[in-house]
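Notes follow once the structure below has been shown.
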Amino acid sequence: MKILVIEDNVELLRDIKGFLEEEGNICEIAPSYKTAHDKIGFFPYDILVVDITLPDGNGLDIISEVKKESIDAGIIIISAKNAVGDRIHGLEIGADDYLTKPFYLAELNARIKALYRRKVYNGSTEILFNEIKIKPDSHEVFIHDRILNLTKKEFDIIHFFVVNRHRLLTKEAIAEHLWGDDIEMADSYKFIYTHLANLRKKIAELGGNDYIQSIYSVGYKFTDRE
Amino acid sequence: MNLVRKTNTYYLLFLAFIFPVMLSMDYYLIQYLVNGEVEELLLHERERIDFHLKEEGVLPTSNYLFQTVPVKEGSVFNEVFRDTVLYEAYADKNIPYRIYTFKSSINSQPVKISLKHILLEINELIWTLFVTTSFIIVLLALGFYFINRKIYKWAWNPFFKNLSKLKQYDVTKKGPIHLKSSNIIEFEELNHVITDLIHQVKKDFQNLKEFNENISHEVQTPLAIIRNKVVLLLESKNLNEKELQRMQAIYQETNKLSKIGKSLTLISRIENQEFKRLDSVDVHTIIGNILSHMEEIINFKHLTVSTELEPVTIECDHILADILLTNLIKNAVQHNKEDGVIKMVLNEEKFEIINTGEISEIATEKLFNRFQKGSSVKESLGLGLAINQKICEIYGFQLDYQRKDKIHTFSLFFKRNKE
């Protein structure tokens, strides 16, 4: 998919671009309102990632513009302002999702993919990873076409893993994905561990491979590579 | 003691001091004047008598004549005035007299003639003086009192108006303060000083606030970048275990910083009153939601939760109510021990949450300070209760903490808006 990231911090921009390109996307960047405006006018994008505070304008205006021109692109707002008003306003004028800075790139990736799926396939698509098949809209996971019986959190974990395959997912990023922003408990890492243990067991019962690699004590990677 | 009482006290003290002074001055002055008058009268009478004796050779009739005593030729005595008291049978009392004794001669016979004149009675004089002086003093006191009260009421009026305005003034609120102007120079000067001072305080406060906001805001993007780079490094296969550990430490501390920033932003947003909505918040439902959200963690720690919840509605911003209750419940879960107990009671008056846990070493009054935390839980930032305190300040709720051995109780008292 083709993504335009509008964000004034060049370093952050570089990180996002790098991450998204490694995921096999075409990622273009716009460090200012004007560049963004020009690019949107000329090229079609599937997804726009928009920072609200830009040096020469407001990201929300870009969204209004996109909606006025009926450009069919999914929009994700990224903002350092965790103001509910901004969030509501952004979603009202047509943004599809809202992420508060600092966000985990894996989280942004998951959101972009989910949004793309909703937009292009109306959500009715399957995510495949070797013998694993995930149906995000019905929250179902199949191993060798046999349904895997999972709790909601287990589903969220494997979904997050598969979407961010081959990526290091830190425990913090997983915890935030599962429990949201407000969790700051040491306990949550123990839960992740427990959930993963259960998940591994359930996958193994259906003859699936264990793709979950523990990366030191930092986090996990879901991969079939060495 | 207020100003008017203070001034009146000093006036009264002054009058109390002046009273005997006035009394004695009046006494001696009047006595002096009366004596002088009496002496003049007696001297005048003497001249008349002398004249009469010289012309006619006999004593004239005189109302003042007291005694005529023949004296020897050549005897010498002073012609003096003196006071004496004579018993008067008709009045049946002693009456003071001024006596004037002088030498004269009747038909060449030297005589000592004494003239007398009645004086004011001392007691009567003192009494009269006392009464009149008291009357004057009382009049003065009343005058002072009423004038003072009038001054207090009218001249000080702007002062008190401004005082009550200053009492209500809140530096966190926007809008300038309008002080009532006065035609009294001192008050006007005071107003100027206060206005300047407030302006300065406000500016400082604003700067500080903006600084806080910016800091907690602006650090987020750099932190995000640091975090991303660290993840990239962690993903690289070239690091040895030690280096990985260091990277991990950087990663965790960066996360902590980011969370501190977020919490501080939240606090300043609460202070800025960005949450203005007054929703009817169903506390009962919120608690239910939070509990189901945390169910997993609660089960994981094998905590026993018992609730006695009545349906209660409070008026406040929905988001803040959620933050407040989440923090309280999270706190009870987080600081609990394995197989611990949480008990919640909700009624119209308050929400109470009791949990088992470790013995905390922080003094109760310090607990609500920023960055104050129990030593046992490292991941806690110690900002949750500071946030709660801020929220309570806004709505006039009261948050109390009690500890008994290993039992911790937080009580949140709602201000009943209906009353």
Side-chain angles (χ1 to χ4, degrees), chain A residues 7-16 18-19 22 51 53 78-86 99-106 108 151-153 166-173 175-176 178-191 193-195 215-219 221 226, chain B residues 216-236 239 241 244-245 247-248 251-252 254-259 261-263 265-266 269 274-275 277 293-294 296-301 317-319 322-323 326-327 330 333-334 336 377-381 383-384:
Chain A
E7 154 71 52
D8 61 323
N9 187 303
V10 182
E11 202 55 48
L12 186 60
L13 210 49
R14 196 179 294 166
D15 285 345
I16 296 173
F19 194 100
E22 280 171 39
D51 184 12
T53 38
I78 49 171
S79 171
K81 281 194 205 159
N82 188 17
V84 185
D86 272 5
L99 258 182
T100 310
K101 280 187 197 170
F103 47 82
Y104 295 93
L105 291 177
L108 176 66
T151 64
K152 183 169 182 309
K153 285 281 184 281
H166 313 312
R167 285 282 181 187
L168 169 63
L169 296 178
T170 58
K171 287 186 287 191
E172 286 84 353
E176 196 170 302
L178 293 185
W179 290 285
D181 207 13
D182 54 12
I183 194 146
E184 57 181 55
M185 301 189 187
D187 302 334
S188 62
Y189 305 140
K190 285 189 242 158
F191 305 152
Y193 182 81
T194 317
H195 283 311
I215 308 295
Y216 309 100
S217 52
V218 182
K221 202 181 258 190
E226 266 312 298
Chain B
S216 40
H217 220 161
E218 294 300 322
V219 293
Q220 294 300 350
T221 308
L223 285 176
I225 295 165
I226 296 174
R227 211 162 61 175
N228 295 337
K229 303 290 180 202
V230 172
V231 173
L232 287 177
L233 280 172
L234 284 171
E235 279 186 319
S236 108
L239 299 179
E241 183 133 1
L244 277 168
Q245 271 172 11
M247 290 320 294
Q248 196 192 353
Y251 185 78
Q252 280 165 354
T254 313
N255 270 327
K256 208 181 263 184
L257 260 184
S258 156
K259 280 194 170 141
K262 278 186 183 174
S263 297
T265 310
L266 179 63
R269 283 176 56 214
E274 279 179 42
F275 302 93
R277 293 183 352 167
H293 191 68
M294 292 198 180
E296 209 186 344
I297 304 165
I298 290 167
N299 291 339
F300 197 84
K301 272 192 129 171
D317 193 294
H318 199 277
I319 297 161
D322 200 55
I323 294 171
T326 305
N327 277 342
K330 203 160 85 174
V333 173
Q334 198 172 0
N336 221 320
V377 185
K378 278 187 220 139
E379 277 66 22
S380 148
L381 294 175
L383 280 171

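A note on names: the letters A, B, ... follow the listed sequences, proteins ahead of strands, and every chain is numbered from 1. Just so it is clear, the model here is predicted, and its values are computed rather than measured.
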Exercise for the section: Classify the angle between the aromatic ring planes of Tyr251(B) and Tyr104(A) as parallel (below 30°), tilted (30 to 60°) or perpendicular (above 60°). Expected result: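 Judged by the thresholds at 30° and 60°, the geometry between Tyr251(B) and Tyr104(A) is tilted.
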Exercise for the section: Heavy atoms only, distances under 4.5 angstrom: which of Leu266(B), Leu223(B), Asn327(B), Asn255(B) has the most pairs with chain A? Name it, please. Expected result: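 Greatest number of close heavy-atom pairs with chain A: Asn255(B).
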Exercise for the section: Evaluate side-chain contact (heavy atoms from CB on, under 4.5 Å) for Asn228(B) paired with Leu12(A), printing each intermediate quantity in order. Expected result: CA-CA 8 Å; Asn228(B) 295 337; Leu12(A) 186 60; 3.6 Å; yes
Rounded at 0.5 Å granularity, tell me how far [atom1] in [X] sits from [atom2] in [Y].
X	Y	atom1	atom2	answer
Glu218(B)	Lys101(A)	CD	NZ	9.0 Å
Arg14(A)	Ile225(B)	CZ	CD1	9.5 Å
Leu232(B)	Glu22(A)	CG	CD	7.0 Å
Arg227(B)	Phe103(A)	CZ	CZ	9.0 Å
Asp8(A)	Thr221(B)	CG	OG1	7.5 Å
Lys229(B)	Glu11(A)	NZ	CD	4.0 Å

Handout entry: Per-residue contact mode, His166(A) against chain B (heavy atom under 4.5 angstrom)
Key =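 Backbone only.
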Practice task
Check whether any side-chain heavy atom of Val218(A) sits under 4.5 Å from a side-chain heavy atom of Val231(B), and report yes or no.
Solution key: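 Side-chain contact under 4.5 Å: no.
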Exercise for the section: Evaluate side-chain contact (heavy atoms from CB on, under 4.5 Å) for Leu234(B) paired with Ile215(A), printing each intermediate quantity in order. Expected result: CA-CA 9 Å; Leu234(B) 284 171; Ile215(A) 308 295; 6.0 Å; no
